[in-house]
Amino acid sequence: MKVAVFGAQGRMGAEVCRAVEAADDLELVARIDVGDDRDQAAEADVVVDFTHPDVVMDNLAWCIDHGIHAVVGTTGFTAERLDTLREQLSAHPEVGVLVAANFGVGAVLMMRFAEIAARFFDSVEIVELHHPNKADAPSGTATTTAQRIAAAREAAGVPASPDATQHEVAGARGADIDGVRVHGVRLQGLVAHQEVLLGQTGETLTLRHDSYDRVSFMPGVILAVRAVADHPGLTEGIEELLEIA
Ligand SMILES: NC(=O)C1=CN([C@@H]2O[C@H](COP(=O)(O)OP(=O)(O)OC[C@H]3O[C@@H](n4cnc5c(N)ncnc54)[C@H](OP(=O)(O)O)[C@@H]3O)[C@@H](O)[C@H]2O)C=CC1
Ligand SMILES: O=C(O)C1=N[C@H](C(=O)O)C[C@H](O)C1
């Protein structure tokens, strides 16, 4: 299978290039960075995109138009963006696009555990902690986790987390994602980390995941590269591939 990497010189892109080159069944046919001609990737079966939220939609429109499957780790996917992809894919029903906020198996499990735990606790908040070069906040993982927690709590009829705050310095209580508070830390020395804090009277549960090295994302990326052609249309996350959906 021929693979092209968009954002190949980036922190994630460079790691993906190494992982593709190390896989016997995959061939790295193009490394695309800012200013490169995407047509160099036209022979690829699958494009892997780890670029920037500002450019990823244009890259995906190019992939879909060229009939190339895409595995996307770039963040910034709103419901509107996902709808746009579905519409573009409807004109190319053979093409698969898999978008995942996090390819780390441990992180995917942490999100699933949080979703399961969400209805059993009065309070839930998320703390995401990342390297200081990260462009977006909150992280895509934290946003997805909050959305899934909120949906689980709404389905179970759990009321909003209690919070008596009346006077607040802007930002002190974090971002409100579907009613779930998300706090972002940017710290030299970190890679990608998240805690989901759940509490009720007399007990708390803390779910924590740590990516100490970007190699942690590679098994999920390579799994998605191998599977995406067999999943036409839009796939969100790798849960289905891990059979934990
Ligand atoms: N889903 C997941 O598991 C993970 C997702 N991510 C996400 O992946 C994205 C990238 O992260 P990271 O690798 O740390 O970021 P980097 O900034 O290190 O890498 C992004 C790369 O993309 C390049 N780039 C920008 N525009 C284009 C373009 N139009 N075509 C090709 N390349 C382009 C950048 O070049 P230049 O620097 O010159 O602008 C840079 O080299 C982020 O959205 C991040 O949140 C990160 C880790 C895991
Ligand atoms: O930018 C990063 O580094 C990461 N981005 C993704 C996110 O925003 O969730 C995944 C992981 O947290 C690392």
Side-chain angles (χ1 to χ4, degrees), residues 4-19 30-41 44 47-63 68 70-78 81 97-111 114 126-148 175 177 182-196 207-225 228 235-239 241-242:
V5 176
F6 285 10
Q9 285 186 24
R11 287 176 288 269
M12 282 297 291
E15 199 66 57
V16 173
C17 289
R18 281 190 283 276
R31 300 167 189 255
I32 305 297
D33 285 290
V34 177
D36 291 338
D37 183 358
R38 283 182 300 212
D39 285 344
Q40 293 172 36
V47 159
V48 180
D49 189 298
F50 280 94
T51 56
H52 193 281
D54 293 347
V55 302
V56 64
M57 289 303 283
D58 189 50
N59 285 343
L60 293 179
W62 182 90
C63 291
I68 301 173
V71 169
V72 188
T74 309
T75 47
F77 279 88
T78 58
R81 283 184 168 209
V97 173
L98 186 150
V99 179
N102 202 308
F103 283 97
V105 172
V108 172
L109 288 169
M110 177 259 299
M111 287 192 272
I126 297 172
V127 184
E128 56 97 333
L129 312 92
H130 282 83
H131 59 92
N133 298 313
K134 186 167 174 54
D136 54 320
S139 70
T141 307
T143 301
T144 302
T145 311
Q147 289 166 342
R148 287 171 56 173
I177 306 287
V182 180
H183 310 270
V185 175
R186 297 292 175 265
L187 201 72
Q188 198 67 265
L190 296 182
V191 177
H193 317 259
Q194 179 166 298
E195 284 190 3
V196 181
L207 303 170
R208 180 172 174 118
H209 175 260
D210 298 276
S211 274
Y212 299 109
D213 189 309
R214 290 179 180 83
V215 79
S216 63
F217 302 111
M218 294 306 118
V221 171
I222 297 299
L223 177 70
V225 166
V228 66
T235 302
E236 292 177 60
I238 59 168
E239 283 80 354
L241 308 186
L242 296 173

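Just follow the structure's listing: the first ligand is 1, and inside any ligand the first atom is 1.
Between K134 and ligand 2, at least one pair of N/O atoms sits closer than 3.5 Å. When only interatomic distances are considered, the shortest N/O to N/O separation between A101 and ligand 1 falls below 3.5 Å. Inclusion of V55 in the set of residues having an N or O under 3.5 Å from an N or O of ligand 1 is not warranted. Checking only distances, F6 never comes within under 3.5 Å of ligand 1, N or O to N or O. Distances between N or O atoms of A142 and those of ligand 2 include no value under 3.5 Å.
Rounding to the nearest 0.5 Å gives a distance of 12.5 Å between CG of L98 and CG of D49. One distance of note links CG of D136 with NZ of K134; it measures 3.5 Å at 0.5 Å rounding. Of the inter-residue distances, the one linking I68 atom CD1 with R38 atom CZ reads 10.5 Å to the nearest 0.5 angstrom.
Ring geometry for H193 against Y212 counts as perpendicular: the plane angle is over 60°, on a 0 to 90° scale with 30° as the lower cut.
What sits closest to atom 19 (O) of ligand 1 on the protein, heavy atoms only, is G10 CA, 3.3 Å. Of all protein heavy atoms, the one lying nearest to atom 4 (C) of ligand 1 is F50 CE2, 3.6 Å. With hydrogens left out, the protein atom closest to atom 14 (O) of ligand 1 is R11 NE, 3.0 Å, a heavy atom. For atom 6 (N) of ligand 1, the closest non-hydrogen atom on the protein side is G73 O, 3.7 Å. At the shortest separation from atom 45 (O) of ligand 1 among protein heavy atoms lies K134 NZ, 3.0 Å. Summary of contacts: the protein heavy atom closest to atom 20 (C) of ligand 1 is T51 O, 3.4 Å. From the protein, the heavy atom lying nearest to atom 7 (C) of ligand 2 is G140 N, 3.4 Å.
For F217, every heavy-atom contact with ligand 1 shorter than 4.0 Å involves the side chain, none the backbone. Heavy atoms of A8 found under 4.0 angstrom from ligand 1: none, in either backbone or side chain. Heavy atoms of A135 found under 4.0 angstrom from ligand 1: none, in either backbone or side chain. In A192, the part holding a heavy atom less than 4.0 Å from any atom of ligand 2 is the side chain. When heavy-atom distances to ligand 2 are checked against a 4.0 Å cut-off, H130 comes that close only through its side chain, counted from C-beta outward. Contacts between T75 and ligand 1, counted as non-hydrogen atom pairs separated by less than 4.0 Å, involve both the backbone and the side chain.
For atom 6 (C) of ligand 2, the nearest non-hydrogen atom from the set G10, P53, A101 comes from A101. Of the listed residues (D36, V34, N59, V191), the one carrying the non-hydrogen atom nearest atom 27 (C) of ligand 1 is V34.
Pairing each heavy atom of T145 with each of A114, the nearest pair is CG2-CB, 4.1 Å. Between V221 and V71, the shortest heavy-atom contact is O-CG1, 4.4 Å.
Residue contact check: F103 has heavy atoms under 4.0 Å from atoms 1 (N), 2 (C), 3 (O) of ligand 1. Within the listing of ligand 2, atoms 10 (C), 11 (C), 12 (O) sit less than 4.0 angstrom from a heavy atom of N102. Contact atoms of ligand 1 toward M12: 13 (O), 46 (C), 47 (C), 48 (C) (distance under 4.0 Å to a heavy atom of the residue). Using a 4.0 Å cut-off to heavy atoms of D33, the atoms of ligand 1 that qualify are 31 (C), 32 (N). Residue contact check: T141 has heavy atoms under 4.0 Å from atoms 7 (C), 9 (O), 10 (C), 12 (O) of ligand 2. Residue-ligand proximity, H131 to ligand 2, at heavy-atom distances under 4.0 Å covers atoms 1 (O), 2 (C), 3 (O). Within ligand 1, the atoms closer than 4.0 Å to a non-hydrogen atom of I32 are 31 (C), 32 (N), numbered from 1 in the order shown.
No donor-acceptor distance shorter than 3.5 angstrom exists from the side chain of Q194 to the backbone of A107, with no hydrogens or angles considered.
Using 4.0 Å as the threshold, M12 has no heavy atom nearer than that to any atom of ligand 2. The closest approach between any non-hydrogen atom of R214 and ligand 1 is not below 4.0 Å.
Not a single protein heavy atom sits closer than 4.0 Å to atom 37 (O) of ligand 1.
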